[in-house]
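All values derive from a computational prediction rather than experimental measurement. Within every chain, numbering begins at 1; the chains are lettered A, B, ... in the order of the sequence lines, protein sequences first and strands thereafter.
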Amino acid sequence: MAGTLVEKSRKRDLRFGLMLTAPSVIIILMLLGYPMGYAIFMSFHQWNDKLGADHQFIGLNNYGQLITDPAVWAAMERTAYFSVITVVGGVALAVIIAILLNRKFRGRTLARVLLLVPWAVPPVVNGIMWKLIFDGSVGIVNTILRSLGLIKENIQWLADPTAAMNILIFAETWKLLPFLCLLMLAALQGIPESIYRAAAIDGADAWNTFWRITLPNIRGPLMFALIVQSMWSLKVFDTIYVLSGGSGGPVSGTTTINFLDYITTFSNLDRGYGSAMAVGIMLLVLIVSAFWIFVFGGFSRKRREANG
Amino acid sequence: MAQIELIHVSKTYGPTKHGRNAEPAVCDLSYVIEDGHFVSLLGPSGCGKSTTLNMIAGLEDISSGTILIDSHRVDDLDPDKRDLAFVFQDYALYPHMSVYENIAFGLRMRKVPKSEIETRVTDAARRLEIEQTLQSKPKKLSGGQRQRVALARAIARRPSVFLFDEPLSNLDALLRDQTRSELKLLHRELGATSVYVTHDQEEAMTLSDRIAVMSRGRLEQFGTPYEVYHEPATEFVASFVGKPRMNLFTVTKAEIGRYGLPGTTFTIDIGDIGMDQVRVGLRPEECDLHPADDGAPGHGVVKAVEPLGNVSDVLVTVGDQIFMSRVPGFGNYTVGDHVNINVTRARIHCFDQKSGTRVDH
């Protein structure tokens with residue numbers, strides 16, 4: 001008797017729980033599941049809007065093309081360059097800034113507030129801002145360099161593929177730093193003050209304190225920062241769009257893999273191939289995330305073994 | 001081995017938000033902690049005892065004065081150059097390291113050879129009976145075990161000075177008493193100079209060779225537990241040390257050599273000290289009670305009886321004062337009884353009304 005009563009109430013709870021989650025599950029399915037499924041579906045078809053409405057099933061052909069396409073590999077190279085610098089450099093810079101902001105100094109609160117300013121700027125505005133600053137004819141950078149006598153003539157920063165890529169990296173780092181800094185600052189504040197005092201008594205110098213006390217204690221947030229920043233860097237779009245005027249140029253200089261996908265899908269209208277590329281990017285993001293988890297997991301395992 | 005000497009040590013924190021200069025946290029401390037002594041810094045919270053300890057450790061700068069360890073000035077030395085170990089109130093164990101690594105860290109930083117580290121860590125762990133936990137992270141340990149790890153970390157360093165910042169305050173009562181006894185044994189075994197911060201006068205009394213009683217950043221008394229208890233230098237020391245708290249009240253000269261509590265028949269014999277009024281302190285356990293004669297009002301009326309088993313604390317209303325007496329067993333008193341207070345076997349402590357300093361009589 002009692003058993004069935006418990007069973008009944010458990011079922012009722014389960015039903016109620018499902019009912020509560022249903023709206024969000026449905027929304028997620030509609031907004032995420034459907035487009036994703038549709039993209040995967042398209043990626044197995046010849047689905048180029050310029051070639052008409054005949055969508056032939058071509059199996060893995062799109063994926064095969066993906067692997068052999070030199071444009072893809074060139075874009076991947078640029079993506080790697082962009083991502084390694086923005087992820088590793090960005091997070092490292094964020095840690096350094098967070099450590100500085102975690103020290104006591106006059107005006108610390110103001111500095112912490114100012115740190116957030118770039119984050120409050122909409123990404124497109126951020127892109128436009130840097131585009132104007134590095135503008136070839138009216139940009140402030142040229143003006144400053146000229147008045148300092150460092151250059152004689154204006155440099156067309158955004159007309160040079162390498163320079164444009166580096167400016168892109170700069171603009172993106174500018175935008176992403178506040179969030180990463182905030183994340184790292186919160187992590188640092190979670191470390192009890194007293195263990196630094198213990199480390200001082202134990203004779204750890206600044207270097208040892210950083211590597212042996214600070215860093216291991218922000219491992220979790222650090223991994224999180226690296227993962228989310230990797231995702232964002234691999235999927236960077238808006239700043240490229242604004243800086244290059246929607247072209248990914250000059251001469252594809254700022255065309256990362258995600259931007260190449262955009263051009264393929266929406267300029268070339270090759271939606272089948274574009275979908276395959278999108279699926280590829282998704283896998284790439286998963287692999288990179290898994291890589292970070294592996295690196296940090298392996299790190300902790302090695303430590304355990306070293307201690308044993 | 002180390003002797004610690006404080007010479008006119010003061011600490012002032014920077015101006016407050018309102019622009020005023022803050023009161024000194026520690027003011028003009030001068031005393032000598034002898035080699036091998038166990039010295040407690042005792043006082044209520046905010047009295048500057050932890051600040052003093054941190055200054056000895058080098059975790060805080062001193063604003064003026066000098067600290068000598070073995071006659072060497074250490075004010076400008078970094079904490080790790082002062083050859084001392086610190087046991088923190090919250091233990092300050094490194095959360096990401098195993099117990100072994102926690103104990104070994106200070107040795108590693110000092111480039112002690114590996115084999116030596118292992119010997120010292122296992123030795124410290126054995127002394128504190130935490131050998132089974134060496135591979136665990138601090139998170140997995142109970143409060144008492146963490147405490148022991150913190151102690152082991154200090155011991156393994158084999159410093160000439162141990163500094164303790166209220167190390168027992170996070171333990172439950174039973175464990176606290178037990179660890180307190182162990183600390184005493186440990187000190188006897190190691191013989192290193194120890195400075196121990198506490199607000200618990202019982203801890204200070206049981207552990208120390210000397211006690212430095214502090215209040216509002218100032219040293220009230222530096223002396224043996226006996227001196228602090230039986231010859232308190234100030235009214236503050238008298239009221240802070242001893243449980244139950246000493247009876248303290250103002251008496252007025254009544255006749256030659258005798259002083260009385262105004263509005264009552266209670267008088268005590270102090271002798272001629274040439275003062276019209278004086279603060280008097282009497283320890284509850286040194287005051288006896290006697291029932292008043294039938295019908296007589298006596299010195300006062302019993303207000304409450306608090307039996308503790310072996311003794312009972314009896315609160316007596318004398319005039320507008322509450323007087324406490326500790327009587328053996330459960331006592332024979334009930335609320336409303338008229339009683340006389342007998343202080344013939346009590347030490348009478350006198351303090352100047354204004355300055356609070358001891359007046360000898």
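- The environment of CD in A:Q189 is crowded: more than 12 heavy-atom neighbours from other residues, nucleotides or ligands sit within 6.0 Å.
- For B:K140, the NZ atom counts as loosely surrounded, since its 6.0 Å shell holds 12 or fewer non-hydrogen atoms of other residues, nucleotides or ligands.
- We find the OG1-CD1 distance between B:T122 and B:I117 to be 11.0 Å, quoted to the nearest 0.5 Å.
- Checking each of A:V236, A:T79, A:I240 against A:F259 for a side chain to side chain contact (heavy atoms under 4.5 Å, CB included) leaves exactly one that passes, namely A:I240.
- In this structure, the portions of B:F86 lying under 4.5 Å from any heavy atom of chain A include both its backbone and its side chain.
- Contact annotation for B:D78: neither backbone nor side-chain heavy atoms come within less than 4.5 Å of a heavy atom of chain A.
- Contacts of B:L93 with chain A are made by backbone atoms alone, with heavy-atom separations under 4.5 Å and no side-chain atom involved.
- Contact count versus chain A (heavy atoms, under 4.5 Å) is highest, among B:R82, B:K81, B:R153, for B:R153.
- Under the 3.5 Å distance criterion, the side-chain polar atoms of B:Y94 are matched with a main-chain donor or acceptor of A:A199.
- Using a 4.5 Å cut-off between heavy atoms, B:A104 does not touch chain A at all.
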